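Everything on this sheet refers to the single structure shown next.
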Amino acid sequence: MTRIKNKFKELQQKKQKAFGVFLTAGYPSIEFSKDIFKKIIEAKVDFIEIGVPFSDPMADGPLIQHSSQIAIQQKTSVEDCFKIVKEIRKINHDIPIILMGYYNPIHYYGNLKFIKNAISSGVDGLIIVDLPMEEDKEFYDLSFKNNLPLIRLVTPTTDEIRLKKILKNARGFVYYVSVTGITGTKSASVKDVKNKIKVIKKITNLPVIVGFGIKNSIDAEKMSAISDGIVIGSSLVKIINTVYNKKNGLKEICEFLNGFK
């Protein structure tokens with residue numbers, strides 16, 4: 001929690017916007033994903049979202065679905081996700097790390113056990129895509145008690161009444177899903193996102209991060225101008241698919257990430 005607050009405070013003082021990167025743990029292999037996360041840190045991103053592999057990632061498009069399927073084939077477990085976080089913490093103590101995924105693997109692992117092991121590994125927050133506010137009380141209470149923020153998702157179809165309920169107990173930052181539908185399939189409308197963020201900002205002082213629908217540096221620049229930052233995922237997977245077997249693949253990944261800064 002402290003890392004998230006400190007990062008956004010630092011960015012605000014510098015008048016900069018946050019740049020976050022999502023990657024499924026264990027994709028395209030456990031060892032190579034560790035190398036990619038190291039390159040992500042070298043690229044000086046502001047926060048990392050690590051995807052917990054799941055067999056039915058219904059909110060994700062073909063690229064992220066593919067990355068999850070490959071990670072599962074690599075037998076990437078929840079424990080492996082924690083190990084990757086620990087590896088990152090060996091080289092960077094300060095970068096905020098968010099675990100993002102679906103509730104089924106967490107529930108199977110055990111809510112309290114998951115939360116405690118996430119904290120001990122160095123995780124700063126959780127995003128659970130398919131756990132709506134109306135059904136998350138048990139998990140939210142546990143996460144709140146243990147000071148691990150459950151970061152709320154807001155979508156274009158979230159009306160103002162429900163928005164107030166969602167944001168009432170929100171912590172960390174607000175993740176705004178900029179498009180209706182799945183990840184990586186279409187670009188978001190700047191005008192629509194700007195109008196929605198204005199409504200969100202009337203209700204909460206938390207930073208608003210835009211995800212989904214950001215395909216390139218041009219999209220990133222436009223969305224950063226109207227929000228507190230952005231996060232990319234599908235576009236990174238696309239690059240990884242292209243360079244995985246190349247000799248200088250990791251260098252190309254780093255160059256790609258630096259193009260967003």
Side-chain angles (χ1 to χ4, degrees), residues 4 7-9 11-12 14-23 45-49 51 57-65 96 98 100-101 125-133 149-239 256-257 259-261:
I4 295 174
K7 174 52 67 175
F8 281 106
K9 183 178 179 181
L11 290 169
Q12 187 177 35
K14 293 180 178 179
K15 296 183 179 179
Q16 295 176 349
K17 302 301 178 75
F19 173 43
V21 174
F22 169 93
L23 180 64
V45 306
D46 297 303
F47 66 94
I48 299 172
E49 291 181 0
M58 58 188 177
D60 293 302
L63 287 165
I64 302 295
Q65 284 185 20
I98 315 298
M100 184 172 185
L126 304 172
I127 299 174
I128 307 177
V129 179
D130 60 343
L131 189 61
M133 174 194 66
L150 182 57
I151 293 165
R152 303 291 196 181
L153 293 164
V154 173
T155 73
T157 58
T158 306
D159 63 39
E160 194 165 345
I161 294 173
R162 189 164 188 272
L163 190 60
K164 288 178 180 178
K165 292 178 181 178
I166 290 172
L167 298 179
K168 183 179 180 181
N169 297 316
R171 296 191 298 157
F173 60 85
V174 178
Y175 189 113
Y176 182 64
V177 179
S178 64
V179 296
T180 53
I182 55 179
T183 60
T185 54
K186 58 184 178 181
S187 296
S189 161
V190 175
K191 181 181 178 182
D192 291 345
V193 174
K194 184 177 181 180
N195 289 338
K196 192 72 173 189
I197 289 177
K198 283 182 179 179
V199 176
I200 295 170
K201 288 289 189 179
K202 289 178 182 178
I203 301 170
T204 182
N205 292 321
L206 290 175
V208 180
I209 298 297
V210 177
F212 290 49
I214 299 172
K215 294 186 174 184
N216 50 49
S217 58
I218 295 172
D219 288 342
E221 186 175 358
K222 289 178 180 178
M223 289 301 164
S224 293
I226 58 174
S227 67
D228 297 298
I230 58 98
V231 59
I232 62 165
S234 296
S235 56
L236 175 60
V237 174
K238 190 174 182 180
I239 291 294
F256 165 76
L257 294 171
F260 283 85
K261 295 295 282 182

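The first residue in the sequence is number 1, and the count goes up from there. Given the structure is predicted, the values throughout are model-derived calculations rather than measurements. Only this structure's heavy atoms are used, side chains among them; waters, hydrogens and symmetry mates stay out.
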Let me confirm one number: the [atom1]-[atom2] distance from [X] to [Y], rounded to the nearest 0.5 Å.
| X | Y | atom1 | atom2 | value |
| --- | --- | --- | --- | --- |
| Lys191 | Ile226 | NZ | CD1 | 12.5 Å |
| Ser189 | Met223 | OG | CE | 7.0 Å |
| Leu23 | Ile64 | CG | CD1 | 8.0 Å |
| Ile4 | Phe173 | CD1 | CZ | 6.0 Å |

Does [X] reach the side chain of [Y], with side-chain heavy atoms less than 4.5 Å apart?
| X | Y | result |
| --- | --- | --- |
| Pro207 | Lys7 | no |
| Asp228 | Tyr176 | no |
| Val210 | Ile197 | yes |
| Glu160 | Ile203 | yes |
| Ile214 | Val231 | no |
| Leu167 | Leu206 | no |
| Val208 | Lys196 | no |
| Leu150 | Leu126 | yes |

More than 12 heavy atoms of other groups within 6.0 Å of Lys201 NZ: yes

Within a reach of under 6.0 Å around CD of Gln12, are more than 12 heavy atoms found that belong to other residues, nucleotides or ligands? no

Can you list the residues that meet the salt bridge (charged side-chain N to carboxylate O under 4.0 Å, His left out) rule with Lys194, with sequence neighbours excluded? none

Looking at residues at least two apart in the chain, or sitting in another chain, which of them share a salt bridge (charged side-chain N to carboxylate O under 4.0 Å, His left out) with Lys14? Glu10

For [Y], does its backbone N or O pair with a side-chain atom of [X] as donor and acceptor, under 3.5 Å?
| X | Y | answer |
| --- | --- | --- |
| Ser224 | Glu221 | no |
| Gln65 | Asp60 | yes |
| Ser178 | Phe212 | yes |
| Lys238 | Lys215 | no |
| Lys17 | Ile230 | no |

Any residue meeting side chain to side chain donor-acceptor pair (under 3.5 Å) with [X], in chain and number order, not counting sequence neighbours:
| X | result |
| --- | --- |
| Thr204 | none |
| Asp46 | none |
| Lys168 | none |
| Lys15 | none |

What heavy-atom pair brings [X] and [Y] nearest, and what distance separates the two atoms?
| X | Y | value |
| --- | --- | --- |
| Ser234 | Leu63 | O-CD1, 3.5 Å |
| Arg162 | Met133 | NH2-N, 4.1 Å |
| Ile209 | Ala18 | CD1-CB, 4.0 Å |

Working note: Val129 + Tyr175, criterion side-chain contact (heavy atoms from CB on, under 4.5 Å); need CA distance, chi angles, decisive distance, verdict. CA-CA 10 Å; Val129 179; Tyr175 189 113; over 6 Å; no

Take Leu236 and Phe256 through the test side-chain contact (heavy atoms from CB on, under 4.5 Å) and record every step on the way to the result. CA-CA 8 Å; Leu236 175 60; Phe256 165 76; 4.2 Å; yes

Any idea how Phe260 and Phe19 line up, ring-wise: parallel (<30°), tilted (30 to 60°), or perpendicular (>60°)? parallel

I would like to know whether Val174 and Arg152 meet side-chain contact (heavy atoms from CB on, under 4.5 Å); could you show each step before the answer? CA-CA 6 Å; Val174 178; Arg152 303 291 196 181; 5.6 Å; no

